[in-house]
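Notes for the one structure printed next.
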Amino acid sequence: MATTRALSSISIAEGLSLSLPLFASQKKSNIKIGSKGVTSRKHERAVMVKAALSSISKVKEAEKGGIHWDTAIDFCKGWTDGNGMPVPLLQKRLETLSVLVLDRVEMHSILAVQRDNWNRLFHTTITLASVSAAAAAAANAAVPTLGLRVVSIILGAGAAMLMALVSKFQPSQLAEEQRHAARFFKRLGADIESTLNVDPRLREDASCYWERSVGTLHALDQGFPLPLTPIVVEKFPKRVRPSKLSGEISIPQPECLSSERQISSANGWTSCRMEELQRTAQLLRTSDVKEYVDLAEKAKFINLVLAISSPLLATAAVIVNMAGCPSVAAAVGVGSLFFHTLSHALQMGAVYEVYRNCAGYYNDVVESIDENLKLPVERREDGAIFAHKVALLLARNPSSTPMVPGDDKKAGALF
C-alpha cells in the first residue's frame, strides 16, 4: 500500500517537473502566466517531491528490516500522522517527561544518601549518649556526687528523646524508600526511552501510553514523597498495602476477552496467550502479592516492638535515676541501648519497606496485565512483546511454554 502511494507521488512529481520546460517555452511564445500561479505550482511540486522521497525512504528502511510498512495501523494508534511521520507534539511531550524523570532519579538518589547518613549519625550519637549516661550513673552509685547525677540525667534524657525521634521517623526506612524511588523512576525513564526507539506499530496506543506514564510519575511522587513533613509514608499503618508503582488509565471501552478479531489479530494476541496471562495474574494476586504483604506485616510488628522498647527503657532509666537509684538506672540504660542497637542492626524499617515494595512490584505486573487485556486489541502493545516483558519481570524464561509451569505455587521467581 505504502509502495503504491510512494510511486504515485513520484509519478505526480515527475509530471510536474516535466511541465517546467513547457512553461518556459510558453513564456517564450509570449503566453503570460501569472506570477501567483507559478509560485503555487512550484510550491505544490516541492511538497509532492518531499512527500514522495520521505515515503520511499520509509519503505526502503522497513524492507531492509524485513518489515512491510503499513501506516494505517500505526496511524490508528496515534503515534504517527497519515504519512508515517512521528507526531512532533507527542514526541516532545515524552522527551520532556523523560528529562523530568531523570531529575527525579537524581533527587531521590541524593536524599537516599543523606538519610542514610542521618541514620548513622543518630545511631552514633545515641550510643555515645547512652554509654556516657550509664557510666556516669554507675560512677554516681560508687561515689555519690551531684554533678555525676545531673550529667547522667541530662545525657539519659537526651538519648531517650533521640530514640523517640528515630522511632518516629525511622531513618533506615526513609533511606530505603528513596533508594526504591530512584530505582522505580529509572525504570520509568528507561521504558520511555525504549518505547521511543521501538517500531511504532509494536507500541501501545499513544494516548494510553501517555496517560499511563504521567499517572506513574504522579503515583511515584505520592508513594515516595521527597519532604519529611507534612506528607510522609506511614511507618506503622494499620493495614499494609503494596506500594503503588504505576498510574491507571481510563478505559471507556468494555472489557472484551474472547473475540475472533482478537484471536486472529496480527498484533500478536491469541486466545492461548491471553488465557496464560490471566492465569499468571491470578497466581500473582493470590500467592506472590499476598506472601509479601504478610511478610511486611510481620516486619512491621517486630519493628514496632523495638521502636517502643528502646525509648521507653531510656525514659525509665532517667526516672529511676532521678528517684535515687543510679545503679538500677545504669542497668536499664544499657538495656535501652541494647534494644536500640538491635533495632539499628536488624534494620526492620528497611526490611518492612523491602517487603512492601516486593508486593508492589508483583501487584504492578498484575495491574499491567489487567489493563492491557481490557483494551481493544488494536490499541494494545504487541502481544508477543508484552508476554516477553512479563516473563522477564517475573524472572521466567520467555521462550518456555507455559510461562509459569502448572505445578509452581508462585508465579514470580525474582524474589
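Computed from a prediction, not measured in an experiment: that's the story for all the values here.
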Looking only at side-chain N and O atoms, does [Y] offer a donor or acceptor that is under 3.5 Å from a partner on [X]?
X: E353; Y: N357; value: yes
X: S246; Y: D364; value: yes
X: R285; Y: Q282; value: yes

If you compare all heavy atoms of [X] against all heavy atoms of [Y], which two are closest, and at what distance to 0.1 Å?
X: P311; Y: A164; value: CB-N, 3.8 Å
X: L393; Y: Y361; value: O-OH, 2.8 Å
X: M403; Y: A387; value: CE-O, 3.6 Å
X: G333; Y: A317; value: N-CB, 3.7 Å
X: S368; Y: F386; value: OG-CE1, 3.5 Å
X: I192; Y: Y209; value: CA-OH, 3.2 Å

Please test L245 against F224 for side-chain contact (heavy atoms from CB on, under 4.5 Å), starting from the C-alpha separation and ending with a verdict. CA-CA 10 Å; L245 305 181; F224 303 95; 4.0 Å; yes
Any pair counted as salt bridge (Lys or Arg N to Asp or Glu O under 4.0 Å), so long as it reaches residues 165-183, sequence neighbours left out: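 Checked against salt bridge (Lys or Arg N to Asp or Glu O under 4.0 Å) - neighbours excluded - the pairs reaching residues 165-183 are E176-R179, E177-K235.
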Indicate yes or no for a side-chain donor-acceptor contact from [X] to the backbone of [Y] under 3.5 Å, with no hydrogens or angles considered.
X: N197; Y: E193; answer: yes
X: S98; Y: L94; answer: no
X: S132; Y: A129; answer: no
X: R203; Y: V198; answer: yes
X: S213; Y: W210; answer: no

Salt-bridge present (K298, D294; N to O < 4.0 Å):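 No, this pair does not count.
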Got a salt bridge between K244 and E367, using NZ or NE/NH1/NH2 to carboxylate O under 4.0 Å?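 Counted as a salt bridge, because a side-chain N and a carboxylate O are separated by less than 4.0 Å.
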Please list, chain by chain and in numerical order, all residues satisfying side-chain contact (heavy atoms from CB on, under 4.5 Å) with F339, sequence neighbours excluded.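 By the side-chain contact (heavy atoms from CB on, under 4.5 Å) rule, F339 matches L306, S309, S310, L313.
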Side-chain donor-acceptor pairs under 3.5 Å in residues 340-352, sequence neighbours left out?
{"unit_1": "H340", "atom_1": "NE2", "unit_2": "H123", "atom_2": "ND1", "d": "3.4"}
{"unit_1": "T341", "atom_1": "OG1", "unit_2": "L337", "atom_2": "O", "d": "2.8"}
{"unit_1": "Q347", "atom_1": "NE2", "unit_2": "H344", "atom_2": "O", "d": "2.5"}

Do D116 and R120 pass the salt bridge (Lys or Arg N to Asp or Glu O under 4.0 Å) test, and can you show the C-alpha distance, the side-chain angles, and the key distance before you say yes or no? CA-CA 6 Å; D116 188 57; R120 297 173 186 274; 3.2 Å; yes
S243 side chain near H180 side chain, heavy-atom distance below 4.5 Å: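 Heavy-atom side-chain distance check fails, nothing below 4.5 Å.
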Can you check whether R380 reaches L373 side chain to side chain, under 4.5 Å on heavy atoms?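 Counting from C-beta outward, R380 and L373 do come under 4.5 Å.
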When the side chains of residues 139-161 are checked against the rest of the protein, which donor-acceptor pairs come out under 3.5 Å, sequence neighbours left out?
{"unit_1": "N140", "atom_1": "OD1", "unit_2": "T145", "atom_2": "N", "d": "2.8"}
{"unit_1": "T145", "atom_1": "OG1", "unit_2": "V143", "atom_2": "O", "d": "3.1"}
{"unit_1": "R149", "atom_1": "NH2", "unit_2": "M322", "atom_2": "O", "d": "2.7"}
{"unit_1": "S152", "atom_1": "OG", "unit_2": "L148", "atom_2": "O", "d": "3.1"}
{"unit_1": "S152", "atom_1": "OG", "unit_2": "R149", "atom_2": "O", "d": "2.8"}
{"unit_1": "S152", "atom_1": "OG", "unit_2": "N321", "atom_2": "ND2", "d": "2.6"}

Evaluate the criterion side-chain contact (heavy atoms from CB on, under 4.5 Å) for residue pair E371 and C208; output intermediate values, then yes/no. CA-CA 10 Å; E371 288 181 355; C208 291; over 6 Å; no
After noting the C-alpha distance and the side-chain angles of E297 and K300, does the key distance pass the salt bridge (Lys or Arg N to Asp or Glu O under 4.0 Å) rule? CA-CA 5 Å; E297 287 279 5; K300 181 197 73 172; 3.3 Å; yes
Are more than 12 heavy atoms from other residues, nucleotides or ligands located less than 6.0 Å from atom CZ of F184?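 Yes, CZ of F184 has more than 12 neighbouring heavy atoms, counting only those of other groups under 6.0 Å.
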Output side-chain donor-acceptor pairs under 3.5 Å for residues 407-415, partner residues at least two apart or in another chain, one line each.
{"unit_1": "D408", "atom_1": "OD2", "unit_2": "R396", "atom_2": "NH1", "d": "2.9"}
{"unit_1": "D408", "atom_1": "OD2", "unit_2": "R396", "atom_2": "NH2", "d": "3.0"}
{"unit_1": "K410", "atom_1": "NZ", "unit_2": "E291", "atom_2": "OE1", "d": "3.3"}

Ignoring hydrogens and angles, write down the donor-acceptor pairs under 3.5 Å from the side chains of residues 99-113, residues two or more places apart or on other chains.
{"unit_1": "R104", "atom_1": "NE", "unit_2": "D221", "atom_2": "OD1", "d": "3.0"}
{"unit_1": "R104", "atom_1": "NE", "unit_2": "D221", "atom_2": "OD2", "d": "3.4"}
{"unit_1": "R104", "atom_1": "NH2", "unit_2": "D221", "atom_2": "OD2", "d": "3.0"}
{"unit_1": "H108", "atom_1": "ND1", "unit_2": "Q178", "atom_2": "OE1", "d": "2.5"}
{"unit_1": "S109", "atom_1": "OG", "unit_2": "V105", "atom_2": "O", "d": "2.7"}

Let me see the working for L375 and D205 under side-chain contact (heavy atoms from CB on, under 4.5 Å), right down to the final yes or no. CA-CA 9 Å; L375 285 171; D205 180 80; 5.7 Å; no
What is the distance from atom CG of L394 to atom OH of Y362, rounded to the nearest 0.5 Å?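 Nearest 0.5 Å value for the CG-OH distance: 6.5 Å.
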Any chance you could measure Q114, atom CD, to L121, atom CG, to the nearest 0.5 Å?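 Rounded to the nearest 0.5 Å, the CD-CG separation comes out at 11.5 Å.
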